[in-house]
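Shown next, in structure tokens, is the structure this report addresses.
Just follow the structure's listing: the first ligand is 1, and inside any ligand the first atom is 1. Reckoned from all heavy atoms, side chains included, excluding hydrogens, waters and symmetry mates.
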Amino acid sequence: MSGQRVQPADDAHVAEAARVLRAGGLVAFPTETVYGLGADASNDDAVARIFAAKARPKFNPLIVHVLDIDAAAAHVRIDDRARTLASRFWPGPLSLVLPRREDSALSLLVSAGLDTVAIRAPRGDVAQALIAATDRPIAAPSANRSGEVSPTTAEHVADSLGDAVDIILDGGPCPVGVESTVLDLSGEVPVLLRPGGLAVEELETVVGPLRRAGEGEVARSPGMLARHYAPSRPLRLDARAVRADEALLAFGVEVPAGAAEALNLSPSGDTTEAAANLFAMLRTLDRPEFAAIAVMPIPEHGLGLAINDRLRRAAGARS
Ligand code: AMP
Ligand code: MG
């Protein structure tokens with residue numbers, strides 16, 4: 001029964017939840033906005049488990065939760081605007097999309113291959129205690145299955161995710177009750193990607209009048225985002241054989257021989273493991289000495305749907 005996973009958010013259970021996160025598990029926890037489905041943001045496998053648990057058909061980028069601006073600065077480039085906004089509104093319901101630092105330890109899957117990261121410092125004792133005890137950045141989308149409304153109580157989380165989550169910390173109802181406001185600061189002009197728990201008017205007192213992302217622009221991201229990572233080498237999908245001048249991105253146990261170089265997304269044919277490896281392996285194989293990257297067929301189940309969606313976009317982006 002999924003209810004057994006719900007635990008009071010006292011010190012002992014926060015400490016246990018932190019151990020679960022550090023070991024690559026999933027923890028649902030309250031923030032001031034909604035309950036988040038958290039994983040160690042620096043662990044590819046743990047992040048892939050988030051997408052699997054939510055049954056997300058696509059790799060939407062996830063928001064990374066940290067304690068404060070200094071912790072954020074290890075992963076993203078903070079300019080003056082970001083510094084001003086963070087000192088004014090953090091901790092609080094404002095996520096900032098900022099350029100990812102090359103030396104960041106964050107999983108590439110967290111930002112779905114984008115070279116930006118959405119990051120925020122949540123308010124609320126439980127969230128802060130959990131981040132501090134874990135001592136890692138925590139990736140956390142809303143703790144519900146894809147297509148359902150965001151949960152604002154531990155009971156909602158248990159009803160929606162049940163056994164897909166290792167532990168649910170019950171910190172009572174979320175005071176804000178809607179997701180964070182998402183502001184894109186990766187370009188010259190700040191763009192409001194999602195209205196949320198911090199009023200736009202409050203933001204505008206600091207950054208001036210805001211451009212709203214066009215209708216559907218956010219829903220269609222990351223595919224629509226200009227800065228989305230696409231390999232510079234052509235992608236050849238559904239490859240069942242490989243040429244000597246190609247790199248091979250393999251899947252499963254039966255791998256064609258003869259590639260210049262090969263990496264296997266999941267020798268055991270596990271789509272969650274493949275998702276964890278996808279962006280890092282694509283980057284590793286994206287080298288000028290290869291004529292193309294041949295990608296073996298990925299099954300259309302589990303995270304295979306999201307992987308194939310991403311691969312088709314990356315293949316199409318070049319033409
Ligand atoms: P959720 O984690 O479910 O609250 O949703 C995260 C929201 O932030 C989605 O609307 C994403 O599209 C958006 N988001 C997260 N990371 C990025 C990013 N790097 N660039 C643009 N939007 C982002
Ligand atoms: Mg959501």
Ignoring hydrogens and geometry beyond distance, is a side-chain donor-acceptor pair present between [X] and [Y] at under 3.5 Å?
X: S268; Y: D270; value: no
X: S180; Y: S95; value: yes
X: H156; Y: D159; value: no

Using heavy-atom distances only, which candidate in [options] approaches [atom] most closely?
atom: atom 14 (N) of ligand 1; options: P61, G36, S142, G113; result: P61
atom: atom 18 (C) of ligand 1; options: L114, V110, V191; result: L114
atom: atom 3 (O) of ligand 1; options: H65, K54, R56; result: R56

Residue [X] vicinity, atoms of ligand 1 by number, heavy atom under 4.0 Å:
X: L193; answer: 21 (C), 22 (N)
X: A118; answer: 15 (C), 16 (N), 17 (C), 19 (N)
X: R194; answer: 1 (P), 4 (O), 5 (O), 6 (C), 7 (C)

Just let me know how [X] lines up against ligand 1, side chain, backbone, both or neither, with a heavy-atom cut-off below 4.0 Å.
X: N60; result: neither
X: S111; result: neither
X: T116; result: both

**Report entry** A86 versus I69, closest heavy-atom pair with distance
**Finding:** CB-CD1, 3.7 Å
Report task. Compare every heavy atom of P91 with every heavy atom of R123, then report the nearest pair and how far apart it is. Result ->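 That would be CD-O, 3.6 Å.
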Report task. Please lay out, stage by stage, how E300 and R312 fare under the test salt bridge (charged side-chain N to carboxylate O under 4.0 Å, His left out). Result -> CA-CA 13 Å; E300 286 278 342; R312 283 183 206 115; 2.7 Å; yes
Report task. Could you tell me whether the side chain of V64 reaches within less than 4.5 Å of the side chain of L62, counting heavy atoms only? Result ->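 Answer no - side chains too far apart.
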